[in-house]
Protein chains: 2
Amino acid sequence: MALDDTRRGAARMRDVARVAQVSTMTVSRALMDPGKVSPEVRARVAEAVAAVGYVPNKVAGSLSSSRSKVIGLVVPSIENSLFASTIQGISDVLRRHDHQLMIADSGYSAEAEEAAIRAFLEQRVAGLILHDTTHTPDAVSMIRRSGVPVVENGTLTPEPLDMVVSYSNHDASRAMTQHLARLGYQRIAFVSLPASANQRSRDRQRGYKAALEELGHGFDPRLMLEMPPGLASGAEALLRLMEGGGHPDAIFFAGDVLAMGASLECARRGWPVPGKVAIAAFDNFDLLGHLVPPVTTLKLPRLEIGRRSAEVLLDRIQGRSSAAISVDLRFEIIHRGST
Amino acid sequence: MALDDTRRGAARMRDVARVAQVSTMTVSRALMDPGKVSPEVRARVAEAVAAVGYVPNKVAGSLSSSRSKVIGLVVPSIENSLFASTIQGISDVLRRHDHQLMIADSGYSAEAEEAAIRAFLEQRVAGLILHDTTHTPDAVSMIRRSGVPVVENGTLTPEPLDMVVSYSNHDASRAMTQHLARLGYQRIAFVSLPASANQRSRDRQRGYKAALEELGHGFDPRLMLEMPPGLASGAEALLRLMEGGGHPDAIFFAGDVLAMGASLECARRGWPVPGKVAIAAFDNFDLLGHLVPPVTTLKLPRLEIGRRSAEVLLDRIQGRSSAAISVDLRFEIIHRGST
DNA sequence: CCTTGAAATGATACCGATACCATAAACGCG
DNA sequence: CGCGTTTATGGTATCGGTATCATTTCAAGG
């Protein structure tokens with residue numbers, strides 16, 4: 001196909017160059033680094049761009065420069081609103097820095113995560129953000145070989161791939177357990193998501209046990225439960241604990257919307273909270289503050305995790321840092337009527 | 001840089017070709033269309049791929065083939081869990097078809113949407129999914145010129161850019177209003193998000209008014225309110241309506257978590273629902289079914305919108321369809337104790 | 001006035017794949 | 001057995017930009 005004004009399809013830089021009567025290099029400079037081009041030419045190029053409706057082809061640009069402005073993110077679930085704040089934080093920072101975000105969800109499976117990582121590396125992303133901290137060996141070696149910078153988010157893992165931005169699930173869980181003890185509760189039950197395939201849940205369980213030990217409370221297995229996520233699940237956990245032999249006076253629900261389900265179940269049954277049993281939650285959903293009574297919970301830096309992850313990643317990509325840093329963000333306890 | 005085994009960085013197809021002792025074309029075929037390559041060669045290539053740790057470069061592939069497997073999605077807000085189900089639906093279908101998802105959020109601004117669309121077109125996405133249905137003129141002309149297929153999601157708009165997959169906000173709103181009337185409520189109030197910049201809210205308001213008219217109920221401006229999103233906002237709307245002169249016996253909250261906020265406020269004040277006032281909601285958050293009393297609401301096909309959007313887009317991209325179709329998905333009313 | 005160097009611009013190779021066409025070998029069949 | 005056809009493979013141009021180096025121009029300095 002020869003140089004031809006009537007060519008169908010998107011205008012190329014060549015077309016802009018012809019209209020502006022300069023070379024493509026000059027067009028490229030005018031767009032990428034306007035300071036390197038004289039004001040008159042810059043204006044001619046701008047005019048030509050508008051005239052032909054030029055939309056730069058970043059695919060060609062990335063190939064040529066072997067640079068990319070795309071970041072890949074893998075979360076366990078897109079639908080789970082817990083991750084939404086983090087994604088929003090990432091998105092905000094990336095937009096400000098003119099980068100794009102690709103998202104995949106792993107459905108909590110390391111194999112699906114590996115597939116997503118592979119797809120991202122095939123797209124030659126400039127960086128990766130992974131919520132999970134456990135990966136398949138193949139995923140790890142692919143990432144290592146690619147040399148792409150990575151941020152992990154899920155928990156402060158002792159053996160990170162590269163960079164970590166998170167809070168300590170262990171410390172948060174321990175802090176809440178201690179808080180409940182300080183309030184005078186003696187038999188503190190603990191409900192989490194299944195720990196088998198999930199480092200976050202394991203860390204939270206460890207934090208709970210660490211607190212009990214420091215407090216001199218013995219560990220009673222009747223007071224510890226693992227439940228699948230969901231509101232109904234929280235209600236069921238409540239009933240099982242109250243009807244089991246453990247006689248808890250407080251229950252710490254360390255995951256998902258379990259605490260909400262339990263609180264609503266108490267409301268349905270007319271059980272006074274904390275009169276019959278105190279309830280504490282892990283994640284700071286707005287709703288928890290509006291329930292009757294409002295629920296004591298942890299305030300976790302979800303949005304901040306997203307922001308900082310994007311920031312440290314961009315710092316690395318843009319050569320402003322090279323360290324395999326680990327950022328430990330803070331959590332707070334929000335004390336409310338339920339405890 | 002000459003052909004050199006010790007070259008740093010990712011292996012290229014050329015390296016695989018050398019190790020497998022075939023041409024790059026054969027490697028390309030072995031990976032893209034294995035049937036076209038003899039079994040022995042296919043095996044040699046597979047071995048070579050593993051040996052050099054080859055990760056195909058889709059950037060180069062896209063440039064060369066002028067095809068891309070990336071879909072761009074623009075939502076008003078990533079954090080808002082309403083959109084999360086739709087995103088999940090899109091993601092599920094794309095993953096099954098080996099496509100990638102790029103996400104941007106517009107923060108409810110048409111200008112930011114335009115910027116996101118431009119960025120996606122620069123990345124030469126294969127298709128676009130836009131939640132909003134109102135766009136800047138520049139955005140529209142860019143999309144038109146690019147020839148990229150588009151799906152709009154927000155509402156069944158009468159003048160779509162291309163394809164639409166949604167439900168009728170107007171009909172859903174009318175149906176719920178009629179439902180409340182059928183239950184015997186006489187003074188049905190309506191609360192929505194601000195309609196000024198939002199076609200969805202406008203459609204819902206129109207549906208409410210249409211129902212009133214069909215029912216022969218007069219329209220009382222004291223019974224209609226616009227509120228910003230949020231739980232607190234729902235509570236405030238409730239109080240304003242109950243203390244205003246309109247004396248509603250039912251309130252239909254047509255947006256976000258307003259109904260939840262109102263329901264929780266009733267619980268806090270000990271107001272019986274529906275004894276003092278009935279409450280109906282628009283979106284089917286699970287929580288609504290767990291409140292006391294559980295809240296009547298619409299069941300909207302959020303996940304299905306995502307799935308179908310991705311499907312019709314892929315159909316078009318892969319040449320299985322060419323029509324500018326409009327898919328009208330169904331909603332249902334979930335009748336519960338609050339009305 | 002000539003030298004030196006910075007600033008502005010262009011020519012050309014190249015990024016890493018795929019498209020297209022050519023070629024060689026294997027195959028089918030009257 | 002000969003010839004057309006299919007199957008397997010390779011050579012080379014090309015996708016649309018950017019990197020690199022060369023060239024030109026012009027101002028400043030000795």
Side-chain angles (χ1 to χ4, degrees), chain A residues 1-4 7-45 48-49 52-70 121-124 126 146, chain B residues 1-4 7-18 20-45 48-49 52-70 121-126 146:
Chain A
M1 194 176 314
L3 288 177
D4 174 2
R7 184 171 175 285
R8 297 284 306 154
R12 296 144 306 166
M13 192 175 269
R14 192 182 308 174
D15 304 317
V16 177
R18 185 156 23 80
V19 172
Q21 308 194 51
V22 293
S23 69
T24 58
M25 258 330 292
T26 299
V27 175
S28 178
R29 285 195 197 100
L31 298 175
M32 301 278 293
D33 193 357
K36 280 204 167 351
V37 161
S38 73
E40 311 92 81
V41 170
R42 205 184 305 154
R44 282 222 308 283
V45 169
V49 164
V52 304
Y54 176 62
V55 177
N57 185 332
K58 298 282 187 193
V59 175
S62 296
L63 176 61
S64 178
S65 64
S66 27
R67 265 176 267 127
S68 143
K69 292 201 170 183
V70 179
L121 293 180
E122 290 182 346
Q123 300 286 342
R124 295 299 188 265
S146 74
Chain B
M1 195 176 312
L3 289 176
D4 175 0
R7 184 172 177 283
R8 299 284 306 153
R12 296 145 305 164
M13 192 175 271
R14 191 182 308 173
D15 304 318
V16 177
R18 185 157 23 79
Q21 308 195 54
V22 293
S23 69
T24 59
M25 260 324 296
T26 299
V27 175
S28 177
R29 277 194 282 258
L31 298 175
M32 300 279 293
D33 193 358
K36 279 202 166 357
V37 162
S38 72
E40 310 91 81
V41 169
R42 205 184 305 153
R44 282 220 308 283
V45 169
V49 164
V52 303
Y54 176 61
V55 177
N57 185 331
K58 298 281 188 193
V59 176
S62 298
L63 176 60
S64 178
S65 65
S66 33
R67 264 176 270 124
S68 142
K69 292 199 169 186
V70 179
L121 293 179
E122 290 181 347
Q123 299 287 343
R124 296 298 188 263
V125 294
S146 74

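By convention in this document, chain letters (A, B, ...) are assigned in the order of the sequence lines, proteins followed by strands, and residues within each chain are numbered from 1. Side-chain atoms are counted along with the backbone in the values below, which use heavy atoms only and exclude waters and symmetry mates.
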- [ ] Can you see which heavy atom on B:Ala60 is nearest to which on A:Leu63, and at what distance?
- [x]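 Of all heavy-atom pairs spanning B:Ala60 and A:Leu63, the closest is CB-CD1, 3.7 Å.
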Closest non-hydrogen contact found for B:Thr24 with B:Arg14 is CG2-CA, 3.8 Å
For this session: Have a look at A:Val59 and say if it touches a base, only the backbone sugar-phosphate, or nothing, with a 4.0 Å heavy-atom cut-off.
Result: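 Here A:Val59 touches no strand at all.
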Notebook entry, point to check: With a 4.0 Å cut-off on heavy atoms, is B:Ser66 in touch with a base, just the backbone sugar-phosphate, or nothing at all?
Noted result: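 No contact.
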Starting at [atom1] of [X] and ending at [atom2] of [N], how long is that distance when rounded to a whole Å?
X        : N      : atom1 : atom2 : answer
A:Met13  : C:dA11 : CE    : P     : 16 Å
B:Lys36  : D:dA8  : NZ    : P     : 9 Å
A:Lys58  : D:dT18 : NZ    : C1'   : 12 Å
A:Glu40  : C:dA7  : CD    : P     : 16 Å
B:Asp33  : C:dA17 : CG    : C1'   : 16 Å
A:Arg124 : D:dT18 : CZ    : P     : 19 Å
B:Glu122 : D:dG17 : CD    : C1'   : 13 Å
A:Leu121 : C:dG16 : CG    : C1'   : 16 Å

Options [options], nucleotide nearest the side-chain atoms of [X]:
X       : options                : answer
A:Ser28 : D:dT18, D:dC15, D:dG17 : D:dT18
A:Leu63 : D:dG10, C:dG16, D:dA19 : C:dG16
A:Ser64 : D:dA19, C:dA17, D:dG17 : D:dG17
A:Tyr54 : C:dT18, D:dT9, D:dG17  : D:dG17
A:Ala60 : C:dT9, D:dG17, C:dC15  : D:dG17
A:Asn57 : D:dG17, D:dT18, C:dT9  : D:dG17
B:Ser38 : C:dT18, D:dA8, D:dT18  : D:dA8
A:Arg12 : D:dG17, D:dT9, C:dT12  : D:dG17
B:Met25 : D:dT12, D:dA8, C:dA17  : D:dT12
A:Arg29 : D:dG16, C:dG10, C:dA19 : C:dG10

Using OP1 and OP2 only, check whether a side-chain N or O of A:Arg67 sits under 4.0 Å from D:dA19.
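Checking D:dA19 against A:Arg67, a side-chain N or O does come within under 4.0 Å of OP1 or OP2.
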- prompt: Taking C-beta and beyond as the side chain, do A:Val70 and B:Gln123 meet within less than 4.5 Å on heavy atoms?
  reply: yes
**OP:** Hey, which sits more toward the 5' end of DNA chain D by its nearest nucleotide, B:Ser65 or B:Val22?
**Re:**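 So the residue in question is B:Val22.
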